[in-house]
Amino acid sequence: MSYIRNILLIIILLFSVQLFAQKIKINLFHGFNIKTLVIRPVVGRFEYIADDNKPNKIRKSNIIYLTIIGDSVGLWDLDKHIGIFKNIKIIGISKENNFRIEPAYPALKERRYKGNIEIYVKKGGLFIINEVDIENYIAGVVESEGGPKAPPEYYKSQAIICRTYALDHFNRHIDEGFNLCDGVHCQVYKSMSYQNDTIIEATKITKGLVITDTTNSLITAAFHSNSGGQTVNSEDVWSSETSYLKSIIDTFSLNQRNSTWQDTISITDWITYLDTIGIEINQQTFSAKALSFEQDKRKVYYNIINDTILLKKIRKDFNLRSTYFSMKLTGNELILTGKGYGHGVGLCQEGAMQMARMGYNFMDIIYFYYKDVNITNLQELHLFNIYY
């Protein structure tokens, strides 16, 4: 089977077409009410265009300051106040360009991006849109989601997954004037990729490749940090069954950074919680046995006396790392011994990294975590209006 997959890998890469650069619009600092912003050119040449649509050059050594003034944007550089505008676009005019962007109020960590920036006022804050080539966006997501120190085959699998997700959700925020946001609601995009050239290379090698199901439709390419040894059926988390997001035993995820965890809940807080959702614990029903819960294999419900609670509800209400935990009463506390990190559906990132370290290629990784799927070139799909 491994030999056949390697042959398929070679065929897919040989027939991967050269795609034209398609832009995607990403809302940066999504969910933050930004009042003041600093932009610093790093590589390339830039110009800004304001309400009059007249291009104005920005010196590489210059710094641009933007702040909210009523329903408009005030613009300064190092030398002077330039003006107040409804809309400002900062455009890279070189073949290669990138810039630093840092919210000053509220103070947030500086980020680095390629492409163009559009800034205007919306809902009382600066609304920031990064227009960037989709492959540069995907590389940035791969680095943001997977970090800069993973094996190359992992980066290839993550690039295909991120590309699949981006195209499947391309118009998720279209009514708001952009395609995707930069947070976990869509995909984490905290920077362009610049810490590891392997990520850029992995994105280029897999360019145009996506994951499809048996109907040749893009899959919901879900992934999480660590499965704890077993992934989850999609219907157990989102009430939506798929043919490809199925629970599997995942030994590759064991003995990794996020494989296990521990937490505690005071017995008072737990009984109060049960009472608020309609489960009463009295002197007759209170016991260590009644409150304990074992989960050797993943379950959907927490069972107590004659009642059940969805484990995903408990996880959300107590901000736990996963639903894969057991509980034991010790003194006045419930000790939670947990496994994994995240919702548990689809690809396990730490497991995929371990597979790559052990010599598996990106096709092996994808076919292990997603069932009955194909790695497909976009040329075979009717997505030309989006990507070509």
Side-chain angles (χ1 to χ4, degrees), residues 22-94 96-134 136-137 140 144 169-192:
Q22 169 65 37
K23 303 289 187 181
I24 188 169
K25 292 184 176 182
I26 311 297
N27 178 215
L28 303 183
F29 302 100
H30 186 74
F32 291 96
N33 191 12
I34 307 298
K35 302 294 186 183
T36 303
L37 194 66
V38 180
I39 297 178
R40 300 177 177 88
V42 177
V43 174
R45 294 179 294 117
F46 292 84
E47 62 186 19
Y48 70 85
I49 299 175
D51 297 344
D52 59 3
N53 290 321
K54 179 182 177 182
N56 300 272
K57 296 290 179 60
I58 300 173
R59 299 193 311 273
K60 182 178 178 180
S61 59
N62 213 337
I63 298 176
I64 302 299
Y65 299 90
L66 304 103
T67 189
I68 185 169
I69 300 177
D71 61 353
S72 300
V73 183
L75 178 64
W76 285 259
D77 64 13
L78 285 173
D79 302 322
K80 61 185 180 301
H81 176 223
I82 298 171
I84 299 174
F85 309 100
K86 292 292 185 181
N87 185 290
I88 297 170
K89 294 181 180 179
I90 298 176
I91 300 171
I93 55 176
S94 303
E96 290 292 331
N97 67 81
N98 66 76
F99 55 88
R100 300 182 188 274
I101 181 168
E102 180 180 7
Y105 185 81
L108 299 174
K109 187 176 180 180
E110 180 185 82
R111 301 180 185 179
R112 189 166 167 178
Y113 290 105
K114 292 188 175 185
N116 308 325
I117 286 286
E118 182 177 6
I119 301 142
Y120 52 91
V121 176
K122 185 175 181 179
K123 296 180 180 179
L126 296 177
F127 210 69
I128 309 160
I129 303 294
N130 178 209
E131 184 181 48
V132 62
D133 290 350
I134 193 168
N136 288 332
Y137 161 72
S144 298
H169 296 82
F170 196 79
N171 291 324
R172 192 171 198 179
H173 289 278
I174 199 66
D175 292 341
E176 301 170 73
F178 57 97
N179 299 111
L180 299 170
C181 69
D182 66 346
V184 293
H185 176 256
C186 292
Q187 298 187 106
V188 177
Y189 175 56
K190 299 304 183 188
S191 172
M192 60 177 270

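Just the heavy atoms: all of them, side chains too, but no hydrogens, waters or symmetry mates, feed the values below.
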Applying side chain to side chain contact (heavy atoms under 4.5 Å, CB included) to V188 and not counting sequence neighbours gives S144, E145, V184, K190
Hits for salt bridge (Lys or Arg N to Asp or Glu O under 4.0 Å) against K109, two or more places apart or cross-chain, chain-then-number order -> none
D77 meets the salt bridge (Lys or Arg N to Asp or Glu O under 4.0 Å) criterion, sequence neighbours left out, with K80
Taken in chain and number order and not counting sequence neighbours, the residues that satisfy side chain to side chain donor-acceptor pair (under 3.5 Å) with N130 are Y189
Sorted by chain and residue number, the salt bridge (Lys or Arg N to Asp or Glu O under 4.0 Å) partners of R59 (sequence neighbours excluded) come out as D79
Quiz prompt | Side-chain (N56) to main-chain (K54) donor-acceptor, under 3.5 angstrom | solution = yes
Residues passing the side chain to side chain contact (heavy atoms under 4.5 Å, CB included) test with E131, sequence neighbours excluded, are K23, K25, N116
With sequence neighbours left out, the residues meeting side chain to side chain donor-acceptor pair (under 3.5 Å) with D175 are none
Sequence neighbours excluded, the answer for side chain to side chain donor-acceptor pair (under 3.5 Å) partners of N87 is E118
Across all chains, not counting sequence neighbours, the side chain to side chain contact (heavy atoms under 4.5 Å, CB included) partners of R100 are R40, V42, E110, R112
Applying ring-ring contact (aromatic ring centres under 6.0 Å, His included) to H173 and not counting sequence neighbours gives H30, F178, H185
By side chain to side chain contact (heavy atoms under 4.5 Å, CB included), Y105 pairs with (sequence neighbours left out) K35, T36
Residues at least two apart in sequence or cross-chain that pass side chain to side chain donor-acceptor pair (under 3.5 Å) with R111, listed by chain then number, are Y113, D182
dist L126:CG -> L37:CG (nearest 0.5 Å) comes out at 6.5 Å
